[in-house]
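These notes concern the structure reproduced below.
Everything quoted here is computed from the prediction, not taken from an experiment. Note on naming: letters A, B, ... go to the chains in the order of the sequence lines (proteins, then strands), and numbering restarts at 1 for each one.
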Amino acid sequence: MTLRVGFASAVRHAHDYLRILGGDERVRVVAVAEEAGAAKWARADSRAAAQAAGVPFFDDLDAVLDAAAVDLVVVCSEPTRHARLALRALAAGVEVLVDKPVATTLADADAVLERPAARAATSPSSTEVGS
Amino acid sequence: MHNGTHIIDAATWLLGEPPVVVYTRAMPTFAPAMTSPDSFHIQARTASGSLATLELRYALRRRCDVLRRVVLVGSEGTLRHSTEEEAGLVSDAARPAPVSVEGALHTQLAHWLDLVGGRSAPVVRTSEVRGVLAVALAAQQSLVRGVPVTVDEVASHDRPVPQGKDAS
């Protein structure tokens, strides 16, 4: 089974995530999406990451929050948006990998980790949360 | 917060327990004119009394250089590792990551795919994720306040740790 992976924002480490996941035969990277209200530099970086990876870019997060089209979402924004984007993806019914740190406050981290399906994967620096 | 979590991860793993009190100081090293410091020292103590000095620094000779040094002094000996001493052919034209680091993210993401596919159990617990974040937040508060900060002082630290799939 091929896992359909989307990116909710693609700044900082996103190039590495896209390169590695894009090269894994178990994965198909379907799109990068960025919040329309994100900072100008974040929108530009996300668009550039999508272009470099050769995947579609959408200026609307809903494009990767469709459980019928995406199995997993990588949240790779600046840390202050991590928890909010993760919760939004979880509410849409897709699994989530959050780049580190999972949040910038313990309250926000708890809001993500309190999801019944929450589980850490790989490293304390990135957190995988089931839908 | 973003990059500092790595050394807190490493210290927690090497010491076998997380820090409970931290003291942080910062300094500019790469770009002295920057308003934000780019290098940090954290003094950390665990509940059993183990001490650690953690350093995060951006003052490297060349862009994208990686330098990691670890000295672990234990009751039965001392462990020392430095990426400077690793074998490898490096030039300005070909500068792969040090052997001890190369492929780490690939391994991490492969594990994530295994986990999502139900082929693997998580190697890190949600409580550990939360614990590292709490220490990082305490370190940040110490930097702002200029005093040692206990992890207990971090807002919401006294809440029960959320249980996850891994906490059965």
Between side-chain atoms of residues 54-68 of chain A and protein atoms elsewhere (two or more places apart, or another chain), which donor-acceptor pairs fall under 3.5 Å?
unit_1  : atom_1 : unit_2  : atom_2 : d
A:Asp60 : OD1    : A:Asp62 : N      : 3.0
A:Asp62 : OD1    : A:Arg88 : NH2    : 3.0
A:Asp66 : OD1    : A:Ala68 : N      : 2.9

Is it the side chain or the backbone of A:Arg12 that comes within 4.5 Å of chain B heavy atoms, both, or neither?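 Contact with chain B involves the side chain of A:Arg12 alone.
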Side chains of A:Ser77 and A:Ser9: donor-acceptor distance under 3.5 Å anywhere? no
Are B:Ser120 and B:His111 close enough that a side-chain donor and a side-chain acceptor fall under 3.5 Å?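 Yes - a donor-acceptor pair under 3.5 Å links their side chains.
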Taking only residues at least two apart or on different chains, which pairs with a member in residues 14-39 of chain B satisfy salt bridge (charged side-chain N to carboxylate O under 4.0 Å, His left out)? none
Looking only at heavy atoms, what is the nearest atom pair of A:Ala49 and A:Leu18, with distance? O-CD1, 3.7 Å
What one should report as the nearest heavy-atom pair of A:Ala52 and A:His15 is CB-CE1, 4.0 Å
Could you check if a side-chain atom of A:Ile20 sits within less than 4.5 angstrom of a side-chain atom of A:Asp24, using non-hydrogen atoms only?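 Contact flag for A:Ile20/A:Asp24 side chains = no.
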For the residue pair A:Arg81 and A:Cys76, establish whether any side-chain heavy-atom pair is separated by less than 4.5 Å.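 Result no, sub-4.5 Å side-chain heavy-atom pair not found.
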Given that the side chain runs from C-beta out, which part of B:Ala121 has a heavy atom under 4.5 Å from chain A: side chain, backbone, both or neither?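 Neither part, no heavy atoms under 4.5 Å.
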Chain A-proximal positions within residues 135-156 of chain B [heavy-atom distance under 4.5 Å]: B:Leu137, B:Val154, B:Ala155, B:Ser156
Salt bridge check: are A:Asp110 and B:Arg130 linked by an N-O gap of less than 4.0 Å? yes
Are any of the side-chain nitrogens in B:Glu86 or B:Arg68 under 4.0 Å away from the carboxylate oxygens of its partner?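 Judged by the 4.0 Å cut-off on N to carboxylate O distance, B:Glu86 and B:Arg68 do not form a salt bridge.
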Residues from residues 28-47 of chain A approaching chain B under 4.5 Å (heavy atoms): none
